[in-house]
Amino acid sequence: MLFNSIDFVFFYIIVTTLYFVVPHKLKWVILLAASCYFYMAFVPIYILILGFTIVIDYFAGIYIENEHNPRRRKMLLAASLAANVGILIFFKYFNFLNLNVNILCNKFNYHNPIPYLSILLPIGLSFHTFQAMSYTIEVYRGKQKAEKHFGIYSLYVMFYPQLVAGPIERPQNILPQLHKKHEFNYDLMQSGLKMMLWGFFKKLVIADRLSIFVNSVYNNPDMHNGTTIVIASFFFAIQIYCDFSGYTDIAIGCARTMGFDLMKNFDRPYFASNIQDFWRRWHISLSTWFRDYVYFPLGGSKGSRSRTCFNLFVIFLLSGIWHGANYTYVIWGMLHGLYSVIYIVIKPYLRKTPSNKVAATLMRMGNIALTLSFVTFAWIFFRAATIHDAFTLIHNLKSFGAAPFIGDGISNFAQSVLGILLLFVLEYKIEYHPDQFNFFSSPNIVVRWGALVFTILWIIVFGVFNGSQFIYFQF
Amino acid sequence: MKSKVIIRFFVRLAAFSVVLIAADRLAGFALKKIYFNQHVGQFSQTTYAIDSACQDLMIFGSSRAVRHYSPTIISKGTGISCYDSGRDGLMIPYSAAIEEVSLARHLPKFIILDITPRELGIDKSKYEKLDILLPYCEEHPQFLKYIKEVSEFETEKLFSKTYPYNSSAFILANNSLFSKSIEKDDNGYLPLHGFMTKPEMDDYIKRMNNRAKKIRKKIEIPETKAVNYFKRFLSDAAKYKIKTMVIISPTILNNSFYLDNQTIERDLIGKITSEYPNVTLLDFSTDPRFNYHPEKFNDVFHLNKRGSEEFSAIVAQHIKANL
């Protein structure tokens, strides 16, 4: 079920009402049933895959906790991780790997007998698999007690607001909340609904509006000149941010209305002044997952500089692969790995922030623009359908300066630009003046309600209501 | 205590909803006023086509209809009045909708439907764009069945009085504030003034050939729903015994639809039109007077003023012969 659908509005109202109406001991049942329904609205049969990993990890957690032999503990962990990764590989990467085997076989005039599988990728597979893995790893590390309540554990993996596109939660944050008694809380309800509203604004007014232009360019890569490609790539950078962070805001807001506190996933990433800063602000739950479960075990930054660079490159490569079975994502990940390595190498030689305020501001603005440019360049690979398309787009960049294509009339383009400007103003305010102009929470009811009514009407007038899927659902 | 908090929440929510509905009504009323007071631009053209057009010859279709047919030239050549009710970016379902409503009010002597084979292919945008009819649903409930094609809950969304004007605000503001700078249409006709160059055309040929190589194996399947809209359009005209001409207007490349792998749709258009005795099919996509003449095109899809005037004169001759 998509958040940006009328079905979800009814679903949300019914589930939230039932959640507060039923006694505490039955709340998990409501949430679990709702989560199953939510997931089955996509492809019902795939609930079985989710069920399979839940059963494996539930028992793995208990056995790991009860097992005192370190070798056996490790084997149990390995078995659980293998089951999760195995499912991920089978559904997400099988055809991709098979294609590569085919290419290799063709080179040696050998026929690969393994056929391609015509299967749909279960929605949000990478998200709930990673969340499930974090549970068994934390139990193994002794940082989390194994969950004995099967229903609560199932809900940890399946909690519907964050089931299909995160944030990828840690058991320490979510499991205690699932046991806790949640009463109706006026402030949380209000703040959660406002957060959802902001998420809908980002998705409907900005992301889906930008997607019209971006799709028309990226779906015909050889038809456009450099100026158009630069604009479309910048638009895509904003689109993917608003699409994904919009989803996250709706997820966090939706959970908050029921009294749950999900982790922050975005922190205005395009205000980052270097690539490390960008990754501290972008998809935080995935970055920290890779940091905690891959980067640190590899040695993190404790070894030599070359070892740190290697570790960094590995996690970005994995991050690229995590996104999808396509070389475009691999190159996207490698590019970010390369950026990070270069940054580590040149960091000691970079100029310190000047003491002069104006110079410091200018330097920061320059760094932000430079970081945004590098990130946007990498998005070309992320968005392009194939490597060939990505290189066609990059090749066509040479005609930068020619008159741009503006798409299906100036109106859509102008609305896209207006959306970006509005986003910039609001994000700038939050970044640099977090305590000023908070119209949504103004003590004056006229201002507060005025701002809310204005935002809703703005969504109705400028939003795109074509029910498009969130980009990150495919991962 | 807990129930008091819940009551307080619901009371506030109800009060907020009242304020929101009132604001929506107010904004919707203002937008409606602005919308129906437009004197230039395609919104006013659509309003005119739906509510007022009573010419003897009505032209339907998408942007190629708006840009390719000059009513002045056609009227001069045929001696009957003409209005071009085509609309940029909209395809056969839109033409069927406008035809249905306008025929209920006025019966023209002759109808032209400009169509491209791709309109019968799978492309959900042709339904999504029917939301352009939302402002007219209150006055013309016949449109509601077309609106349902946009999305499942589209008619329910009409509870909002602002929603019918979704995505129109910029155009409305532009048309109202800068109406003098907006080109006035000639009975719905809006010619394009640029022209293509030979290198641009050669580049397009190269790209289309690459595209043809890519999609060589792709088999286009006509979309039943779109085909039914096409049939409905022709049946409505046949019901009132109106002479109808289905036209595939000129393309810059000879048979460019073949390159787009749309031969199946093109053949289907021929087959369907042959079932109606009142319908004539004219296919100009292989006409050497236009193929490979970049000076007659504004872009790869549309004739420019020069090309469209030449084309309109040709069409006028065909109409005259059929009148």
Side-chain angles (χ1 to χ4, degrees), chain A residues 5-7 9-10 17 20-21 183-190 193 204-205 208-209 212 215-216 220-225 257 386 388-389 392 405 407-418 445-446 448-450 452-468, chain B residues 1-10 12-13 15-24 26-28 31 41-42 63 88-89 124-125 127-129 131 150-154 156-157 160-175 203-204 206-208 210-211 214 299-300:
Chain A
S5 66
I6 298 277
D7 305 34
V9 176
F10 293 120
T17 309
F20 286 117
V21 168
E183 295 282 2
F184 180 88
N185 183 306
Y186 184 89
D187 293 333
L188 288 179
M189 176 59 79
Q190 207 189 84
L193 288 174
L204 301 172
V205 176
D208 286 353
R209 177 66 60 193
I212 298 170
N215 292 347
S216 59
N220 297 291
D222 41 9
M223 303 289 241
H224 297 285
N225 64 40
T257 57
T386 61
H388 179 264
D389 282 3
T392 303
F405 156 83
D408 212 0
I410 189 76
S411 168
N412 188 63
F413 193 82
Q415 287 181 76
S416 302
V417 173
L418 181 72
I445 194 167
V446 177
R448 194 168 68 242
W449 282 22
L452 289 169
V453 167
F454 182 78
T455 308
I456 294 170
L457 288 184
W458 191 280
I459 293 174
I460 297 173
V461 174
F462 292 104
V464 175
F465 295 89
N466 60 4
S468 70
Chain B
M1 180 62 192
K2 188 185 150 192
S3 58
K4 267 189 182 172
V5 173
I6 295 174
I7 290 167
R8 189 175 140 229
F9 172 77
F10 279 108
R12 289 225 168 176
L13 188 66
F16 180 76
S17 302
V18 170
V19 172
L20 180 63
I21 291 168
D24 174 70
L26 199 67
L31 286 165
Q42 293 206 356
S63 60
D88 279 351
K124 65 175 184 172
S125 77
Y127 302 110
E128 288 168 356
K129 286 178 179 173
D131 61 0
V150 179
S151 76
E152 197 186 347
F153 293 103
E154 207 59 22
E156 284 75 11
K157 288 179 196 166
S160 163
K161 297 296 170 203
T162 316
Y163 181 68
Y165 308 97
N166 169 264
S167 301
S168 323
F170 261 93
I171 304 170
L172 291 177
N174 191 45
N175 289 357
D203 183 46
Y204 178 61
K206 207 169 97 187
R207 279 186 272 139
M208 285 302 279
N210 283 338
R211 186 182 158 89
K214 260 193 220 171
D299 54 59
V300 295

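Hydrogens, waters and symmetry mates are skipped; everything else that's a heavy atom, side chains included, is used. What you see is a predicted model, and the numbers here were worked out from it, not measured in a lab.
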Pairing residues for B:Phe9 by the ring pair (Phe, Tyr, Trp, His ring centres under 6.0 Å) criterion, not counting sequence neighbours: A:Phe184
Atom group of B:Leu31 that falls short of 4.5 Å from chain A, counting heavy atoms: side chain
Closest-packed option against chain B by number of heavy-atom pairs under 4.5 Å, given A:Ile445, A:Asn185, A:Asp7, A:Ile6: A:Ile6
Gap separating the CG atom of B:Leu172 from the OG atom of B:Ser167, nearest 0.5 angstrom: 11.0 Å
Heavy-atom proximity to chain B below 4.5 Å, by part of A:Leu418: side chain
Any side-chain heavy-atom pair of A:Leu193 and A:Met189 under 4.5 Å: yes
Atom pair OG1 (B:Thr162) and CD1 (A:Ile456), whose distance is rounded to the nearest 0.5 Å: 11.0 Å
Chain A contact via B:Lys124 - side chain, backbone, both or neither, heavy atoms under 4.5 Å: neither
Region of B:Ala15 in contact with chain A, defined by heavy-atom distances below 4.5 Å: both
Portion of B:Ala23 that has a non-hydrogen atom of chain A nearer than 4.5 angstrom: both
For B:Tyr163, ring pair (Phe, Tyr, Trp, His ring centres under 6.0 Å) partners two or more places apart: A:Phe465
